[in-house]
Number of protein chains: 2
Amino acid sequence: MEFEEAKTKFITTWGSLGSLWGINKAMAQIHALLMISPEPLSMEEIMEELQISRGNTSMNLRQLMDWGIVFKENKMGERKEYFTSEKDVQELARQIAKERSRRELQPTIKVLKEVSNIKTDGSKKSEELIKQTKALHELASTMDTFMNKLVHKEQNWMTKTLLKLIK
Amino acid sequence: MEFEEAKTKFITTWGSLGSLWGINKAMAQIHALLMISPEPLSMEEIMEELQISRGNTSMNLRQLMDWGIVFKENKMGERKEYFTSEKDVQELARQIAKERSRRELQPTIKVLKEVSNIKTDGSKKSEELIKQTKALHELASTMDTFMNKLVHKEQNWMTKTLLKLIK
DNA sequence: TTAAACTTTCAAAAAATATTGAAAGTTTAT
DNA sequence: ATAAACTTTCAATATTTTTTGAAAGTTTAA
(Lines give C-alpha, C1' and ligand atoms only; values in the text may rest on other atoms or scores of the structure.)
Protein backbone atom coordinates (compact mmCIF):
# COMPACT_ATOMS: atom_id res chain seq x y z
CA MET A 1 0.00 0.00 0.00
CA GLU A 2 1.39 3.40 -0.89
CA PHE A 3 0.70 6.81 0.53
CA GLU A 4 -2.44 7.89 -1.34
CA GLU A 5 -4.21 4.60 -0.79
CA ALA A 6 -3.29 4.57 2.90
CA LYS A 7 -4.46 8.14 3.33
CA THR A 8 -7.82 7.44 1.68
CA LYS A 9 -8.25 4.29 3.71
CA PHE A 10 -7.59 6.11 6.95
CA ILE A 11 -9.97 8.97 6.15
CA THR A 12 -12.72 6.62 5.03
CA THR A 13 -12.41 4.37 8.06
CA TRP A 14 -12.33 7.25 10.48
CA GLY A 15 -15.37 8.67 8.71
CA SER A 16 -17.51 5.61 9.14
CA LEU A 17 -16.30 5.04 12.68
CA GLY A 18 -17.40 8.56 13.50
CA SER A 19 -20.93 7.93 12.36
CA LEU A 20 -21.04 4.95 14.71
CA TRP A 21 -20.61 7.17 17.74
CA GLY A 22 -22.75 10.09 16.78
CA ILE A 23 -20.65 12.50 14.76
CA ASN A 24 -21.38 12.63 11.07
CA LYS A 25 -19.24 11.37 8.26
CA ALA A 26 -18.06 14.70 6.93
CA MET A 27 -17.12 15.88 10.41
CA ALA A 28 -15.10 12.76 11.12
CA GLN A 29 -13.41 12.91 7.73
CA ILE A 30 -12.40 16.51 8.16
CA HIS A 31 -10.95 15.57 11.48
CA ALA A 32 -9.07 12.64 9.98
CA LEU A 33 -7.67 14.83 7.22
CA LEU A 34 -6.43 17.47 9.63
CA MET A 35 -5.06 14.82 11.96
CA ILE A 36 -2.55 13.65 9.36
CA SER A 37 -1.84 16.95 7.70
CA PRO A 38 1.56 18.38 8.69
CA GLU A 39 0.38 21.88 7.77
CA PRO A 40 -2.84 23.72 8.59
CA LEU A 41 -5.38 23.56 5.76
CA SER A 42 -7.72 26.20 4.37
CA MET A 43 -11.41 25.64 3.79
CA GLU A 44 -10.74 25.52 0.08
CA GLU A 45 -8.20 22.74 0.51
CA ILE A 46 -10.49 20.70 2.72
CA MET A 47 -13.42 21.04 0.28
CA GLU A 48 -11.19 20.03 -2.59
CA GLU A 49 -9.64 17.05 -0.84
CA LEU A 50 -12.88 15.60 0.51
CA GLN A 51 -15.16 16.73 -2.30
CA ILE A 52 -17.68 18.40 -0.07
CA SER A 53 -19.45 21.73 -0.34
CA ARG A 54 -18.41 25.00 1.23
CA GLY A 55 -21.41 25.10 3.56
CA ASN A 56 -20.85 21.59 4.77
CA THR A 57 -17.19 22.29 5.44
CA SER A 58 -17.96 25.46 7.32
CA MET A 59 -20.61 23.91 9.56
CA ASN A 60 -18.60 20.83 10.39
CA LEU A 61 -15.46 22.79 11.13
CA ARG A 62 -17.49 24.80 13.56
CA GLN A 63 -18.71 21.67 15.30
CA LEU A 64 -15.19 20.29 15.52
CA MET A 65 -14.13 23.53 17.13
CA ASP A 66 -17.05 23.23 19.57
CA TRP A 67 -15.74 19.80 20.47
CA GLY A 68 -12.39 21.44 21.14
CA ILE A 69 -10.42 19.20 18.80
CA VAL A 70 -9.89 21.54 15.84
CA PHE A 71 -8.51 25.07 15.92
CA LYS A 72 -8.39 28.11 13.70
CA GLU A 73 -5.01 29.37 12.80
CA ASN A 74 -4.09 32.55 10.98
CA LYS A 75 -1.11 32.74 8.71
CA MET A 76 0.77 35.99 8.77
CA GLY A 77 -0.24 38.33 6.03
CA GLU A 78 -3.03 36.03 4.87
CA ARG A 79 -6.69 36.78 5.07
CA LYS A 80 -7.80 33.19 4.70
CA GLU A 81 -8.37 31.06 7.79
CA TYR A 82 -6.49 27.85 8.28
CA PHE A 83 -7.40 24.87 10.43
CA THR A 84 -5.40 22.32 12.43
CA SER A 85 -6.50 19.49 14.67
CA GLU A 86 -5.30 18.54 18.08
CA LYS A 87 -2.36 16.31 17.21
CA ASP A 88 -1.79 14.67 20.57
CA VAL A 89 -3.98 11.58 20.74
CA GLN A 90 -4.04 11.57 24.54
CA GLU A 91 -5.36 15.09 24.53
CA LEU A 92 -7.83 14.11 21.82
CA ALA A 93 -9.14 11.24 23.93
CA ARG A 94 -9.40 13.48 26.94
CA GLN A 95 -11.34 16.10 25.04
CA ILE A 96 -13.74 13.55 23.61
CA ALA A 97 -14.30 11.98 27.03
CA LYS A 98 -15.05 15.40 28.45
CA GLU A 99 -17.56 16.33 25.78
CA ARG A 100 -19.34 13.01 25.77
CA SER A 101 -19.73 13.16 29.49
CA ARG A 102 -21.20 16.63 29.26
CA ARG A 103 -23.50 15.95 26.31
CA GLU A 104 -24.74 12.45 26.97
CA LEU A 105 -23.81 10.97 30.28
CA GLN A 106 -24.70 13.84 32.56
CA PRO A 107 -28.17 14.47 31.12
CA THR A 108 -28.91 10.75 31.35
CA ILE A 109 -27.72 10.60 34.93
CA LYS A 110 -30.04 13.44 35.78
CA VAL A 111 -33.06 11.65 34.39
CA LEU A 112 -32.10 8.37 36.05
CA LYS A 113 -31.87 10.15 39.35
CA GLU A 114 -35.29 11.75 38.99
CA VAL A 115 -36.93 8.55 37.85
CA SER A 116 -35.35 6.38 40.50
CA ASN A 117 -36.52 8.78 43.18
CA ILE A 118 -40.24 8.39 42.66
CA LYS A 119 -41.95 6.86 45.63
CA THR A 120 -43.19 3.35 45.14
CA ASP A 121 -46.90 2.63 45.06
CA GLY A 122 -46.06 -0.83 46.29
CA SER A 123 -46.68 -2.54 42.97
CA LYS A 124 -44.16 -4.95 41.54
CA LYS A 125 -43.90 -2.73 38.47
CA SER A 126 -42.93 0.38 40.32
CA GLU A 127 -40.52 -1.56 42.55
CA GLU A 128 -38.78 -2.86 39.44
CA LEU A 129 -38.62 0.56 37.80
CA ILE A 130 -37.01 2.02 40.89
CA LYS A 131 -34.61 -0.84 41.37
CA GLN A 132 -33.39 -0.89 37.80
CA THR A 133 -33.07 2.84 37.31
CA LYS A 134 -31.16 3.05 40.60
CA ALA A 135 -28.74 0.42 39.36
CA LEU A 136 -28.31 2.21 36.03
CA HIS A 137 -27.82 5.48 37.86
CA GLU A 138 -25.03 4.00 39.88
CA LEU A 139 -23.34 2.50 36.84
CA ALA A 140 -23.59 5.70 34.83
CA SER A 141 -22.27 7.76 37.72
CA THR A 142 -19.28 5.50 38.15
CA MET A 143 -18.47 5.79 34.48
CA ASP A 144 -18.88 9.53 34.57
CA THR A 145 -16.55 9.91 37.52
CA PHE A 146 -14.03 7.77 35.73
CA MET A 147 -14.23 9.82 32.57
CA ASN A 148 -13.87 13.02 34.50
CA LYS A 149 -10.76 11.73 36.17
CA LEU A 150 -9.33 10.99 32.78
CA VAL A 151 -9.97 14.54 31.76
CA HIS A 152 -8.10 16.09 34.62
CA LYS A 153 -5.11 13.84 34.88
CA GLU A 154 -1.70 14.66 33.55
CA GLN A 155 -0.42 13.61 30.17
CA ASN A 156 -0.19 9.88 29.73
CA TRP A 157 -2.10 8.92 32.85
CA MET A 158 -4.66 7.03 30.89
CA THR A 159 -2.31 4.67 29.13
CA LYS A 160 -0.29 4.04 32.25
CA THR A 161 -3.36 3.35 34.33
CA LEU A 162 -5.03 1.14 31.80
CA LEU A 163 -1.87 -0.85 31.27
CA LYS A 164 -1.44 -1.24 34.99
CA LEU A 165 -5.01 -2.46 35.34
CA ILE A 166 -4.82 -5.14 32.79
CA LYS A 167 -1.78 -6.86 34.20
CA MET B 1 -43.74 12.30 39.49
CA GLU B 2 -45.78 9.13 39.56
CA PHE B 3 -45.22 5.75 38.00
CA GLU B 4 -46.56 6.23 34.49
CA GLU B 5 -44.74 9.49 33.96
CA ALA B 6 -41.50 8.06 35.32
CA LYS B 7 -41.77 5.02 33.13
CA THR B 8 -42.37 7.09 29.99
CA LYS B 9 -39.52 9.40 30.88
CA PHE B 10 -37.14 6.52 31.34
CA ILE B 11 -38.13 4.82 28.07
CA THR B 12 -37.90 8.07 26.12
CA THR B 13 -34.53 9.03 27.53
CA TRP B 14 -33.05 5.61 26.99
CA GLY B 15 -34.42 5.71 23.44
CA SER B 16 -32.69 8.94 22.50
CA LEU B 17 -29.51 7.97 24.30
CA GLY B 18 -29.43 4.82 22.22
CA SER B 19 -29.55 6.72 18.98
CA LEU B 20 -26.53 8.69 20.17
CA TRP B 21 -24.37 5.61 20.20
CA GLY B 22 -25.57 3.83 17.15
CA ILE B 23 -28.55 1.71 18.09
CA ASN B 24 -31.88 2.94 16.85
CA LYS B 25 -34.67 4.44 18.88
CA ALA B 26 -37.09 1.54 18.73
CA MET B 27 -34.37 -0.90 19.71
CA ALA B 28 -33.32 1.16 22.69
CA GLN B 29 -36.93 1.68 23.77
CA ILE B 30 -37.71 -2.01 23.61
CA HIS B 31 -34.66 -2.64 25.72
CA ALA B 32 -35.72 0.02 28.23
CA LEU B 33 -39.20 -1.45 28.46
CA LEU B 34 -37.93 -4.96 29.09
CA MET B 35 -35.36 -3.67 31.55
CA ILE B 36 -38.05 -2.44 33.92
CA SER B 37 -40.64 -5.09 33.30
CA PRO B 38 -40.87 -7.60 36.16
CA GLU B 39 -42.38 -10.17 33.79
CA PRO B 40 -41.38 -11.26 30.28
CA LEU B 41 -43.42 -9.52 27.58
CA SER B 42 -44.90 -10.85 24.35
CA MET B 43 -44.45 -9.16 21.01
CA GLU B 44 -48.06 -8.05 21.18
CA GLU B 45 -47.50 -6.33 24.51
CA ILE B 46 -44.35 -4.58 23.31
CA MET B 47 -46.08 -3.31 20.15
CA GLU B 48 -48.99 -2.07 22.17
CA GLU B 49 -46.92 -0.35 24.83
CA LEU B 50 -44.51 1.41 22.44
CA GLN B 51 -46.96 1.90 19.55
CA ILE B 52 -44.74 0.32 16.95
CA SER B 53 -45.46 -2.16 14.18
CA ARG B 54 -45.09 -5.89 14.32
CA GLY B 55 -42.27 -5.93 11.78
CA ASN B 56 -40.33 -3.28 13.61
CA THR B 57 -40.71 -5.10 16.89
CA SER B 58 -39.63 -8.39 15.40
CA MET B 59 -36.51 -6.98 13.74
CA ASN B 60 -35.37 -5.00 16.72
CA LEU B 61 -35.91 -7.86 19.12
CA ARG B 62 -33.70 -9.93 16.90
CA GLN B 63 -30.96 -7.33 17.00
CA LEU B 64 -31.19 -7.08 20.77
CA MET B 65 -30.78 -10.84 20.94
CA ASP B 66 -27.75 -10.54 18.63
CA TRP B 67 -26.26 -8.07 21.09
CA GLY B 68 -26.85 -10.68 23.78
CA ILE B 69 -28.90 -8.42 26.04
CA VAL B 70 -32.42 -9.73 25.37
CA PHE B 71 -33.59 -13.33 25.53
CA LYS B 72 -36.50 -15.41 24.35
CA GLU B 73 -38.46 -17.16 27.00
CA ASN B 74 -41.21 -19.73 26.59
CA LYS B 75 -44.05 -19.97 29.01
CA MET B 76 -45.25 -23.45 29.74
CA GLY B 77 -48.23 -24.44 27.66
CA GLU B 78 -48.06 -21.22 25.65
CA ARG B 79 -47.25 -20.99 22.02
CA LYS B 80 -46.40 -17.30 22.08
CA GLU B 81 -42.83 -16.20 22.63
CA TYR B 82 -41.94 -13.93 25.49
CA PHE B 83 -38.93 -11.67 25.90
CA THR B 84 -36.82 -10.53 28.85
CA SER B 85 -33.73 -8.40 29.05
CA GLU B 86 -30.54 -8.97 30.95
CA LYS B 87 -31.44 -7.47 34.31
CA ASP B 88 -27.99 -7.23 35.84
CA VAL B 89 -26.52 -3.88 34.82
CA GLN B 90 -22.94 -5.11 35.27
CA GLU B 91 -23.59 -7.92 32.88
CA LEU B 92 -25.29 -5.50 30.53
CA ALA B 93 -22.25 -3.23 30.52
CA ARG B 94 -19.99 -6.17 29.97
CA GLN B 95 -22.01 -7.42 27.05
CA ILE B 96 -22.12 -4.00 25.43
CA ALA B 97 -18.38 -3.53 25.89
CA LYS B 98 -17.80 -6.89 24.26
CA GLU B 99 -19.97 -6.19 21.25
CA ARG B 100 -18.67 -2.70 20.68
CA SER B 101 -15.14 -3.96 20.78
CA ARG B 102 -15.95 -6.62 18.24
CA ARG B 103 -18.00 -4.43 15.92
CA GLU B 104 -16.14 -1.14 16.00
CA LEU B 105 -12.85 -1.13 17.81
CA GLN B 106 -11.29 -4.25 16.35
CA PRO B 107 -11.99 -3.42 12.69
CA THR B 108 -10.61 0.08 13.26
CA ILE B 109 -7.49 -1.29 14.90
CA LYS B 110 -6.92 -3.53 11.93
CA VAL B 111 -7.04 -0.62 9.49
CA LEU B 112 -4.84 1.55 11.69
CA LYS B 113 -2.28 -1.20 11.77
CA GLU B 114 -2.27 -1.61 8.01
CA VAL B 115 -2.09 2.09 7.35
CA SER B 116 0.63 2.78 9.91
CA ASN B 117 2.77 0.04 8.38
CA ILE B 118 3.22 1.56 4.96
CA LYS B 119 6.80 2.43 4.26
CA THR B 120 7.57 6.12 4.19
CA ASP B 121 8.53 7.80 0.92
CA GLY B 122 10.45 10.30 3.00
CA SER B 123 7.92 13.10 2.53
CA LYS B 124 6.64 15.07 5.47
CA LYS B 125 3.11 14.00 4.59
CA SER B 126 3.79 10.31 4.73
CA GLU B 127 5.85 10.69 7.92
CA GLU B 128 2.89 12.42 9.55
CA LEU B 129 0.39 9.82 8.38
CA ILE B 130 2.53 7.05 9.82
CA LYS B 131 3.21 8.84 13.06
CA GLN B 132 -0.42 9.73 13.72
CA THR B 133 -1.94 6.43 12.75
CA LYS B 134 0.65 4.64 14.92
CA ALA B 135 -0.37 6.79 17.87
CA LEU B 136 -4.06 6.13 17.23
CA HIS B 137 -3.36 2.44 16.88
CA GLU B 138 -1.69 2.37 20.24
CA LEU B 139 -4.53 4.27 21.90
CA ALA B 140 -7.22 2.10 20.33
CA SER B 141 -5.37 -1.07 21.30
CA THR B 142 -5.06 0.03 24.89
CA MET B 143 -8.76 0.75 25.06
CA ASP B 144 -9.60 -2.55 23.46
CA THR B 145 -7.48 -4.49 25.91
CA PHE B 146 -9.15 -2.64 28.72
CA MET B 147 -12.63 -3.41 27.43
CA ASN B 148 -11.76 -7.05 26.97
CA LYS B 149 -10.57 -7.27 30.55
CA LEU B 150 -13.88 -5.85 31.65
CA VAL B 151 -15.66 -8.56 29.74
CA HIS B 152 -13.84 -11.42 31.34
CA LYS B 153 -13.70 -10.30 34.93
CA GLU B 154 -15.92 -11.51 37.68
CA GLN B 155 -19.07 -9.80 38.81
CA ASN B 156 -18.53 -6.32 40.14
CA TRP B 157 -14.91 -5.99 39.09
CA MET B 158 -15.65 -2.94 37.05
CA THR B 159 -17.17 -0.85 39.77
CA LYS B 160 -14.53 -1.84 42.27
CA THR B 161 -11.72 -1.09 39.88
CA LEU B 162 -13.09 2.18 38.70
CA LEU B 163 -13.72 3.32 42.23
CA LYS B 164 -10.22 2.32 43.24
CA LEU B 165 -8.76 4.22 40.32
CA ILE B 166 -10.43 7.48 41.01
CA LYS B 167 -9.29 7.77 44.59
C1' DT C 1 -17.04 54.21 1.22
C1' DT C 2 -16.47 50.69 -1.85
C1' DA C 3 -15.21 46.44 -3.36
C1' DA C 4 -12.74 42.28 -3.07
C1' DA C 5 -11.94 38.17 -0.41
C1' DC C 6 -13.45 35.57 2.37
C1' DT C 7 -17.10 32.90 5.84
C1' DT C 8 -21.66 31.80 7.53
C1' DT C 9 -26.43 30.81 7.22
C1' DC C 10 -30.40 28.40 5.87
C1' DA C 11 -34.16 26.78 2.77
C1' DA C 12 -34.43 23.29 -0.49
C1' DA C 13 -32.80 18.78 -2.29
C1' DA C 14 -30.65 14.50 -1.69
C1' DA C 15 -29.29 10.63 0.84
C1' DA C 16 -29.55 7.59 4.52
C1' DT C 17 -32.19 5.29 7.91
C1' DA C 18 -36.20 3.55 10.19
C1' DT C 19 -40.90 1.94 9.97
C1' DT C 20 -44.92 -0.16 8.20
C1' DG C 21 -47.95 -3.87 6.93
C1' DA C 22 -49.23 -7.49 4.25
C1' DA C 23 -47.58 -11.72 2.26
C1' DA C 24 -44.75 -15.62 3.12
C1' DG C 25 -42.95 -18.65 6.43
C1' DT C 26 -43.06 -21.69 10.58
C1' DT C 27 -44.77 -24.43 14.26
C1' DT C 28 -48.15 -26.95 16.75
C1' DA C 29 -52.51 -29.26 17.51
C1' DT C 30 -55.99 -31.97 15.76
C1' DA D 1 -53.10 -33.00 5.74
C1' DT D 2 -55.22 -28.82 7.38
C1' DA D 3 -55.76 -24.88 9.83
C1' DA D 4 -54.92 -21.85 13.56
C1' DA D 5 -51.54 -19.14 15.93
C1' DC D 6 -47.94 -17.20 15.71
C1' DT D 7 -43.16 -14.90 13.61
C1' DT D 8 -40.28 -13.20 9.90
C1' DT D 9 -39.26 -10.92 5.69
C1' DC D 10 -39.05 -7.22 2.59
C1' DA D 11 -40.69 -3.77 -0.86
C1' DA D 12 -42.84 0.45 -0.30
C1' DT D 13 -43.27 4.59 2.49
C1' DA D 14 -42.18 7.87 5.91
C1' DT D 15 -38.97 10.16 8.69
C1' DT D 16 -34.66 11.96 9.89
C1' DT D 17 -30.25 13.51 8.82
C1' DT D 18 -26.95 15.39 5.84
C1' DT D 19 -25.53 18.10 2.08
C1' DT D 20 -25.78 21.68 -1.19
C1' DG D 21 -25.28 26.27 -3.05
C1' DA D 22 -26.54 30.75 -3.41
C1' DA D 23 -27.64 34.81 -0.73
C1' DA D 24 -26.40 37.34 3.23
C1' DG D 25 -22.85 38.59 6.29
C1' DT D 26 -18.13 40.04 7.69
C1' DT D 27 -13.55 41.77 7.43
C1' DT D 28 -9.75 44.07 5.35
C1' DA D 29 -7.42 47.11 2.15
C1' DA D 30 -7.26 50.97 -0.51
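- The side chain of B:K25 has C:dT19 as its nearest neighbour among C:dT9, C:dT19, D:dT7.
- One interatomic measurement links the two molecules: CD of B:E78 to C1' of D:dA5, which rounds to 12 Å at whole-angstrom precision.
- Here the P atom of nucleotide C:dA11 and the CE atom of A:M59 are 11 Å apart, to the nearest Å.
- For A:R79, the listed nucleotide lying nearest its side chain is C:dA5; candidates were C:dA5, D:dT9, C:dT7.
- Shortest non-hydrogen contact noted between B:N56 and B:N60 is OD1-OD1, 2.6 Å.
- Distances from the side chain of A:S53 to the nucleotides D:dG21, C:dA4, C:dT9 place D:dG21 closest.
- Closest to the A:K72 side chain, of the nucleotides C:dT8, D:dT8, C:dA5, is C:dT8.
- Rounded to a whole Å, the CG atom of A:N56 is 13 Å from the P atom of C:dT8.
- In this structure, A:K110 places its NZ atom where only 12 or fewer heavy-atom neighbours from other residues, nucleotides or ligands lie under 6.0 Å away.
- Of all the heavy atoms in A:I46 and A:I30, the pair that sits closest is CG2-CG1, 4.0 Å.
- The nucleotide whose nearest atom lies closest to any side-chain atom of B:A26 is, among C:dT19, C:dT8, C:dC6, C:dT19.
- Out of C:dT19, D:dA4, D:dT19, the shortest distance to the side chain of A:N60 is found at D:dT19.
- What separates OH of A:Y82 from C1' of C:dC6 is a distance of 12 Å, to the nearest Å.
- As a whole-Å value, the separation of B:I52 CD1 from C:dA18 C1' is 11 Å.
- Among the protein residues, A:N24 comes within range of the sugar-phosphate backbone only, with heavy atoms under 4.0 Å from sugar or phosphate atoms but none that close to a base.
- We find that CE of A:M27 is positioned 11 Å from P of D:dT19, with the value rounded to whole Å.
- Atom CE of A:M43 is separated from atom P of D:dT26 by 16 Å (rounded to the nearest Å).
- The CZ-P distance, from B:F83 to D:dC6, rounds to 13 Å in whole Å.
- In the set D:dT19, C:dT19, C:dT8, C:dT8 carries the atom at the smallest distance from any side-chain atom of A:R62.
- Between the side chains of B:E45 and B:S42, a donor-acceptor pair is found at a separation under 3.5 Å.
- At a threshold of 4.0 Å, the pair A:E91-A:K98 does not count as salt-bridged, since none of the basic side-chain nitrogens sits closer than that to a carboxylate oxygen.
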